[in-house]
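Notes to accompany the following structure.
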2 protein chains.
Amino acid sequence: MIQSRLLDIAIREFGIKGLEGASTRGIAQAAGTAMSSITYHYGGKEGLYLAAADRIAEHMAETMAEPLADEQSIETDDADGARAGIHNILRRLADKMASDANTEWTLFILREQMRPTAAFDRIYGGVMGQMVDTLASLICVATGVREIRTARIATITLAGQVLGLRAMRATCLRLLDRETLTADDIADIKARIDANIDAILDSMQGTA
Amino acid sequence: MIQSRLLDIAIREFGIKGLEGASTRGIAQAAGTAMSSITYHYGGKEGLYLAAADRIAEHMAETMAEPLADEQSIETDDADGARAGIHNILRRLADKMASDANTEWTLFILREQMRPTAAFDRIYGGVMGQMVDTLASLICVATGVREIRTARIATITLAGQVLGLRAMRATCLRLLDRETLTADDIADIKARIDANIDAILDSMQGTA
DNA sequence: GTCTATACTACGATAGAC
DNA sequence: GTCTATCGTAGTATAGAC
């Protein structure tokens, strides 16, 4: 399937180099085909970029479908269940952000976060918006906080901790004196994040 | 001063569009000069990019000099002072990350974090490395934690919360239903971050 | 559908006038 | 120092053969 290989390469190249930095020639060559097949299948560079965003949204939906489905059925008085749901979602996200295997599409998303294009709508409108909304709802249930705005702001800080694994990767590596993050590093960081989540939720519960 | 204007525009363009995305022609035109003056003053696009990184490092050094100088004189048994220092540093960083006025160079740094070039050495080797090292030391003092690795991992999560303001900006705006962050938004987010810091440090203190 | 050819544009670098 | 003019390269898009 040339289409599929083209998309995989595109996600990698766009993620690493950005929309302007990546070249259709380079993508086509890496996929082992002619550049004009990009025009044929996707209408051009822009179309390929948007298709890459759609595929990323799909991929995200697959990995997040299970925890999101579970968590949306939580009762409004099940604080412990809500807390477990928050951990579940963020842990899964942390796996993606920490692993080198997911570098390409996490970078793609981060670029869109910093400077959104039409591609961001496709990603956020997919499972991503649903994910942060669910997190905010779960925070309300877990802490007893009533104002959704408060929960949303907490969502930003909780997700920020996790996104930081990718967004400040260079600093992480220097600070830990590594070339890449080891399995031990990732385990320790995830443990720290889990502890932070509990500490933060506890503190919100106290003031609610 | 044509040099100064050229650098300002360069930081903006490189920050927004990245090294490949920005064009020397565009930068020169926006600065009101000929493209060849970039060659004359900086030797080329690469040289201009590195000069922009140096200027960003300077700017960061100016805004962080005071809190870093204060904090390095903290006694090893002054847990409260250390905690205040952590708040001080992260609050100042949060101001920069939240404000639209600093969009250009914060984006520049984030790009380098995601995909470091020689420019990252100049930024990290300046005040940035010093900042995260100081944070880790202060965390040790504030919590009684002995292992520097534990403190460094906590540093990553604390800084991640703050960096998230820029790195997930698009999600922040959608979640709060805004075009740009208002002063109220920023105040609320900073208050949440302050509370989170205390909650996290408390939880580390308990287990140390 | 996939390829080769080519057209057109924009880029960075450089030479040389002033 | 700053400008104009130009060169070579790399980019995207497109037409047309198969």
Side-chain angles (χ1 to χ4, degrees), chain A residues 1-56 104 107-108 111-112 114-120 122, chain B residues 1-56 104-105 107-108 111-112 114-122:
Chain A
M1 207 65 162
I2 194 74
Q3 286 223 37
S4 175
R5 186 152 72 247
L6 220 34
L7 256 192
D8 284 338
I9 306 280
I11 289 172
R12 192 188 70 197
E13 291 291 300
F14 285 137
I16 294 175
K17 302 180 185 170
L19 175 58
E20 294 94 352
S23 84
T24 54
R25 277 206 225 282
I27 292 170
Q29 188 172 357
T33 185
M35 194 207 53
S36 51
S37 56
I38 290 175
T39 310
Y40 179 77
H41 286 294
Y42 301 102
K45 191 187 201 184
E46 197 83 8
L48 179 60
Y49 188 76
L50 293 176
D54 284 338
R55 189 160 159 111
I56 286 171
E104 303 89 10
L107 280 182
F108 191 110
R111 281 181 197 280
E112 284 292 324
M114 289 171 17
R115 196 161 169 260
T117 70
F120 186 70
R122 310 200 176 199
Chain B
M1 207 64 164
I2 194 73
Q3 286 225 35
S4 175
R5 185 151 74 246
L6 218 34
L7 257 191
D8 285 337
I9 306 280
I11 290 173
R12 191 187 71 197
E13 291 292 300
F14 285 136
I16 293 175
K17 303 179 186 171
L19 174 58
E20 294 93 354
S23 82
T24 53
R25 275 163 148 80
I27 292 170
Q29 189 173 357
T33 185
M35 191 205 52
S36 51
S37 57
I38 290 176
T39 311
Y40 180 78
H41 286 294
Y42 301 101
K45 192 187 200 185
E46 196 83 9
L48 179 61
Y49 187 77
L50 293 176
D54 285 337
R55 189 162 159 109
I56 286 171
E104 303 90 10
W105 64 267
L107 281 182
F108 190 111
R111 281 182 198 281
E112 283 293 324
M114 289 169 19
R115 196 161 169 260
T117 70
F120 186 70
D121 292 326
R122 309 200 175 199

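Note on naming: letters A, B, ... go to the chains in the order of the sequence lines (proteins, then strands), and numbering restarts at 1 for each one. Since the model is a prediction, treat every value here as computed from it, not as a measurement.
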Checklist outcome for this item: Axis-to-axis angle for the helix from C:dT6-D:dA13 to C:dC18-D:dG1, ends of five pairs each, to 10°, equals 10°
Checklist entry - How many Å lie between CZ on A:R5 and P on C:dT2, as a whole number? => result 10 Å
Checklist outcome for this item: One should read off an interatomic distance between B:L107 CG and B:K17 NZ, to the nearest 0.5 angstrom, of 13.0 Å
Item to check | Interatomic distance where NZ belongs to B:K45 and C1' belongs to C:dA13 [whole Å] | outcome: 12 Å
Checklist entry - B:Y40 OH to D:dC3 C1': how many Å, rounded? => result 13 Å
Checklist entry - Between D:dA13 atom P and A:I27 atom CD1, what is the distance in whole Å? => result 11 Å
Next on the checklist: Counting only heavy atoms from other residues, nucleotides and ligands, does the tally under 6.0 Å from CD of A:Q3 exceed 12?
Outcome noted: yes
Next on the checklist: Side chain of B:H41 only, heavy atoms from C-beta on: which candidate in C:dC3, D:dT2, C:dT14 is closest?
Outcome noted: D:dT2
Checklist entry - Got a second to check how far B:I2's CD1 is from B:I38's CD1, nearest 0.5 Å? => result 10.0 Å
Next on the checklist: Would you say B:S36 places a side-chain N or O within less than 4.0 Å of OP1 or OP2 belonging to D:dT4?
Outcome noted: no
Item to check | A:K45 side chain reached by A:F14 side chain, heavy atoms, under 4.5 Å | outcome: yes
Checklist entry - To the nearest angstrom, how far is A:Y42 atom OH from C:dT2 atom P? => result 10 Å
Checklist entry - Would you say the ring centroid of A:Y49 lies under 6.0 angstrom from that of A:F108? => result yes
Checklist entry - Whole-Å distance between C:dT2 P and A:Q29 CD? => result 18 Å
Next on the checklist: Using a 4.0 Å heavy-atom cut-off, does B:I38 contact any base of the nucleic acid, only the sugar-phosphate backbone, or nothing at all?
Outcome noted: nothing
Next on the checklist: So, taking the atom named CZ in B:R55 and the one named CG in B:L50, what distance separates them when rounded to the nearest 0.5 Å?
Outcome noted: 15.5 Å
Next on the checklist: Quick check on DNA chain C: between A:G32 and B:M35, whose nearest nucleotide comes earlier from the 5' end?
Outcome noted: A:G32
Item to check | Rounded distance [0.5 Å steps], CG in B:L19 versus CZ in B:R111 | outcome: 10.0 Å
Checklist entry - Under a 90° cut-off about 0 for the syn range, is D:dA10 syn or anti? => result anti
Checklist entry - Taking atom P of C:dG12 as reference, at what distance in whole Å does atom CG of B:L6 sit? => result 13 Å
Checklist entry - Under a 4.5 Å cut-off applied to non-hydrogen side-chain atoms, are B:L48 and B:L7 in contact? => result yes
Checklist outcome for this item: Between the CD atom in A:E13 and the CD1 atom in A:I27, the distance rounded to the nearest 0.5 Å is 6.0 Å
Checklist entry - Which parts of residues 7-25 of chain B get close to DNA chain D, meaning a heavy atom less than 4.0 angstrom away? => result none
